[in-house]
Amino acid sequence: MTRYPVWSMSIGALSVSASAVLLDLARTSPGTASFYRCALALPALLALSAAERRCAGVIPRQRYGLAMSAGALFAGDMLLWTQAIGEVGAGLSTVLVNVQVVMVPLLAWAVDREPVPHRFLCWLPVLLVGVVCTGGLLEQGATVGSDPLRGTVHAVLAAVCYSGFLYLLRRGGRTGQVRQVYTAVVASATVVSLAAGLLWYGFDPAPGWRVLGWLLAVAACSQVVGWLLVATASPRLAGHVGAVLLLLTPGGAVALGAVVLGERPTPLQLAGWGVILAGAYAMSRGDTSGDARGGSRRRR
């Protein structure tokens, strides 16, 4: 799959989309969900990273600092987004967290001097409209929740954490040994999720077999398959392309919600996902390699 980064990123984004439905079925606190979805993934990731270590060697110590920072941001995203869903509703929280489509390319441009093509800037307003439609924000009842103001703040903070995580994940995998870097990211996210759960977001050390079963499914679909594919593919893609392809996640969540939870997406939501698919196709048709677009010019 590493030879086809667009396909890897797309499959990874759709695998991650399963987490929204599975977390809904688990019905547990943000701290419990965030900790166990990472902790349950670690045995498989440690086995994969051990195999990589035998073939490619051990990653340098300085890369662990980057991975730990990415893991802390990943934990922040999971905790804040899960909290925002109940406070502001799934629609608006999904829309706000996906402003990463703007922030990740801007980070790549500001820090790495990676060019943002004119085609992306032209498509960006259309993509944002697609995200708004997919989230159901233009329809009655989309912004429901216990505390819309706090939920909006939490969703915006989740978007900041999400964007920083995606940028650091992509940067950390540019020099190879992606599995070891990603395993360190998840290990860091596990520790931060546990600490935050104990202090603020609630943590149940024995949530029951039903909850653990659903969280194990989240760990397999999202942490082991989905995000590992994203971590592998994103360094091989231009920043704007990876950000756009990750917009497949909310569309996939809508589709899975219809199949698993019996939710019925509206025509406007389906149209929004169609716009996202069209934008993802348009962005991935050109030169998608982040390294080819300027990796040799960067000095890190």
Side-chain angles (χ1 to χ4, degrees), residues 9-21 23-24 73-74 76-108 116 120-121 123-139 142-143 145 148 151-170 222 226-227 230 233-234 237-257 265-266 268-284:
M9 193 76 165
S10 301
I11 294 171
L14 292 173
S15 297
V16 169
S17 71
S19 62
V21 172
L23 287 171
D24 183 82
L73 289 170
F74 188 28
D77 165 49
M78 290 187 293
L79 291 160
L80 290 162
W81 179 64
T82 306
Q83 182 75 19
I85 290 174
E87 293 174 337
V88 78
L92 183 55
S93 65
T94 299
V95 170
L96 290 173
V97 82
N98 275 288
V99 299
Q100 62 84 17
V101 74
V102 179
M103 297 176 72
V104 173
L106 287 178
L107 280 171
V116 180
F120 171 76
L121 297 176
W123 267 96
L124 185 57
V126 181
L127 288 168
L128 291 175
V129 170
V131 173
V132 168
C133 293
T134 303
L137 195 58
L138 299 180
E139 299 171 283
T143 54
T152 299
V153 172
H154 285 146
V156 170
L157 291 174
V160 173
C161 290
Y162 187 41
S163 301
F165 157 68
L166 291 173
Y167 172 75
L168 292 178
L169 185 70
R170 177 171 177 262
S222 183
W227 283 116
V230 171
S234 58
L237 294 168
H240 66 282
V241 176
V244 170
L245 290 174
L246 278 173
L247 292 181
L248 296 174
T249 299
V254 169
L256 285 172
T266 66
L268 193 58
Q269 285 181 301
L270 294 175
W273 196 21
V275 168
I276 291 171
L277 288 173
Y281 176 73
M283 289 298 100
S284 62

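Along the sequence shown, residues carry numbers from 1. No experiment lies behind these values; they were computed from the predicted model shown.
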### Message
My understanding is that only residues two or more places apart in sequence, or in another chain, count here; which of them pass side chain to side chain contact (heavy atoms under 4.5 Å, CB included) with V160?
### Response
M103

### Summary
The reported gap from CZ in R170 to CG in L107 (rounded to nearest 0.5 angstrom) is 10.5 Å

### Query
side chain to side chain contact (heavy atoms under 4.5 Å, CB included) with L124: which residues, sequence neighbours excluded?
V101, V102, F120, L128

### Summary
The side-chain contact (heavy atoms from CB on, under 4.5 Å) partner of L14 among L245, T249, L248 is L248

### Task
On the 0 to 90° scale, with breaks at 30° and 60°, tag the F165-F74 ring pair as parallel, tilted or perpendicular.
parallel

### Task
Provide the closest heavy-atom pair for V21 versus G257 in the form atom of the first, atom of the second, distance.
CG2-N, 3.7 Å

### Message
Walk me through whether V230 and L169 qualify under side-chain contact (heavy atoms from CB on, under 4.5 Å).
### Response
CA-CA 9 Å; V230 171; L169 185 70; 4.2 Å; yes

### Query
Shortest non-hydrogen contact from A18 to L256?
CA-CD1, 3.5 Å

### Message
Measuring from atom CE of M78 to atom CG of L23, what distance do you get when rounded to the nearest 0.5 angstrom?
### Response
9.5 Å

### Residue list, side chain to side chain contact (heavy atoms under 4.5 Å, CB included) with L96, at least two apart or on another chain
L92, T152, A155, V156

### Query
What closest approach, in Å, do V97 and A159 show between heavy atoms, and which atom pair accounts for it?
CA-CB, 3.7 Å

### Exercise: identify the closest heavy-atom pair between A84 and H154
CB-CB, 4.0 Å

#### Entry: Set of residues satisfying ring-ring contact (aromatic ring centres under 6.0 Å, His included) with respect to Y167, sequence neighbours excluded
none

For residues 130-138, dump all side-chain donor-acceptor pairs below 3.5 Å to protein atoms at least two apart in sequence or in another chain.
{"from": "T134", "atom 1": "OG1", "to": "G130", "atom 2": "O", "distance (Å)": "2.8"}
{"from": "T134", "atom 1": "OG1", "to": "W273", "atom 2": "N", "distance (Å)": "3.2"}

### Query
Distance from H240 atom NE2 to L106 atom CG, nearest 0.5 Å?
12.5 Å

### Task
Mind checking the CD1-CG spacing from I85 to L80? Nearest 0.5 Å is all I need.
11.5 Å

### Query
Any side-chain heavy atom of S234 within less than 4.5 Å of one from L166?
no

#### Entry: Contacts of A20 that satisfy side chain to side chain contact (heavy atoms under 4.5 Å, CB included) - sequence neighbours left out
W81, A253

### Task
Determine the minimum heavy-atom distance between P250 and N98, stating which atoms define it.
CG-ND2, 3.8 Å

#### Entry: Gap between atom CG of L246 and atom OG of S10 - 0.5 Å precision
9.0 Å

### Nearest atoms (heavy-atom pairs only) where L73 meets C161
O-CB, 3.3 Å

### Query
Are side-chain heavy atoms of S15 and I11 found at a separation under 4.5 Å?
yes

